[in-house]
J.: 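Please see the structure below; I have some questions.
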Amino acid sequence: MNELVYGLSALGISLNSVQLGQFETYYQELVDYNSRINLTAITEYKDVQIKHFLDSVSLVLAGIKGDEKLLDVGSGAGFPGLPLKMLFPAIQLGLLEATQKKARFLSEITVKLGLSGVEIISQRAEDTAQNPLYRQKYSLVTSRAVADMATLAELTLPFCAVGGRVIAPKKGDIEEEMDRAATAVKKMGGRVFKVIKVELPGLEDSRKLVLLEKISNTPALYPRRAGIPAKTPLI
Ligand code: SAM
């Protein structure tokens with residue numbers, strides 16, 4: 001895990017032996033599962049350390065507390081939720097993933113990593129966000145590579161308690177995407193708090209973290225039915 005360890009040192013983070021073992025197990029299981037079920041196109045040892053593990057942990061640059069109640073929307077193979085949980089074991093983590101096969105991997109890997117306090121929810125975000133058990137219940141919501149910001153605002157902000165935040169990693173020039181998202185962010189009761197640049201070893205390709213803040217309740221109308229936020233974004 002040399003690449004990860006090196007990248008984390010730039011963040012002032014060092015891993016203990018348990019965490020190092022967990023990242024190693026995560027890599028092995030990811031690649032093994034991936035040979036049967038497509039989870040990721042990134043499988044080289046070095047690439048996974050940087051593009052999945054370090055990239056996930058880079059969210060600490062937006063300020064993550066060790067006791068968050070965190071929901072990762074569209075978690076796929078667990079990014080960025082699981083690496084953050086490995087770093088901060090006291091986080092109460094929800095991994096929301098619509099694809100059953102991926103959700104099965106998430107259940108299995110959570111057990112193999114010996115993690116407790118992780119809930120796997122295999123549903124669409126639009127449906128889960130209308131369930132009172134999950135609606136406005138999280139201090140932090142993350143979502144990587146799931147949708148553009150206008151759609152993402154509708155899929156994430158309804159899960160945030162007022163005072164909570166959304167962290168969405170993005171790449172490249174996002175000015176236009178952020179402009180398009182202004183209406184959706186506002187309608188969901190949010191505001192754009194800031195955009196943070198990520199500059200870490202191996203991640204020099206113009207990565208950013210968009211930080212949204214939840215300032216008022218999301219109207220009951222939102223999110224709309226499954227598929228609508230992506231098909232007809234609130235722009
Ligand atoms: N976040 C992971 C990552 O960065 O590696 C996975 C990204 S993958 C490109 C997008 C994932 O979001 C897919 O696994 C997909 O099933 C899930 N997804 C897309 N829309 C969703 C929705 N409305 N509700 C729940 N999951 C969704």
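Side-chain atoms are counted along with the backbone in the values below, which use heavy atoms only and exclude waters and symmetry mates. Order of listing sets the numbers, starting from 1, for every ligand and every atom in it.
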J.: Does anything in residues 178-188 pair up under salt bridge (charged side-chain N to carboxylate O under 4.0 Å, His left out), and if so which pairs, sequence neighbours excluded?
T.: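 Those involving residues 178-188 are Asp148-Arg180.
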J.: With no hydrogens and no angle check, do the side chains of Glu119 and Tyr134 hold a donor and an acceptor under 3.5 Å apart?
T.: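 Their side chains do contain a donor-acceptor pair, which is all the 3.5 Å distance test asks for.
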J.: Quick one: does Tyr27's side chain have a donor or acceptor within less than 3.5 Å of a partner on Thr43's backbone?
T.: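 At least one qualifying donor-acceptor pair exists.
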J.: Taking the side chain as everything from C-beta on, heavy atoms only, tell me whether Phe105 gets closer than 4.5 Å to Leu30.
T.: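 The answer is yes, as the side chains (C-beta and beyond) meet within the 4.5 Å cut-off.
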J.: If you look at each N/O of ligand 1, which protein N/O atoms lie under 3.5 Å away, and at what distance?
T.:
| from | atom 1 | to | atom 2 | distance (Å) |
| --- | --- | --- | --- | --- |
| ligand 1 | 1 (N) | Gly74 | O | 2.8 |
| ligand 1 | 1 (N) | Phe79 | O | 2.8 |
| ligand 1 | 1 (N) | Arg144 | O | 2.9 |
| ligand 1 | 4 (O) | Arg144 | O | 3.3 |
| ligand 1 | 4 (O) | Arg144 | NE | 2.5 |
| ligand 1 | 4 (O) | Arg144 | NH2 | 3.2 |
| ligand 1 | 5 (O) | Arg144 | NH2 | 3.0 |
| ligand 1 | 14 (O) | Glu97 | OE1 | 2.8 |
| ligand 1 | 14 (O) | Glu97 | OE2 | 3.1 |
| ligand 1 | 14 (O) | Lys102 | NZ | 2.9 |
| ligand 1 | 16 (O) | Glu97 | OE2 | 2.6 |
| ligand 1 | 16 (O) | Thr99 | OG1 | 3.0 |
| ligand 1 | 23 (N) | Arg124 | NE | 3.4 |
| ligand 1 | 23 (N) | Glu126 | OE1 | 3.0 |
| ligand 1 | 24 (N) | Ala125 | N | 2.9 |
| ligand 1 | 26 (N) | Ala98 | N | 3.4 |

J.: Would you indicate whether the side-chain heavy atoms of Met1 and Gln19 approach each other to under 4.5 Å?
T.: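 Sidechains of Met1 and Gln19: no contact.
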J.: Under 3.5 Å, is there a donor on one side chain and an acceptor on the other for Tyr45 and Gln28?
T.: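 Note: Tyr45 and Gln28 side chains miss the donor-acceptor criterion.
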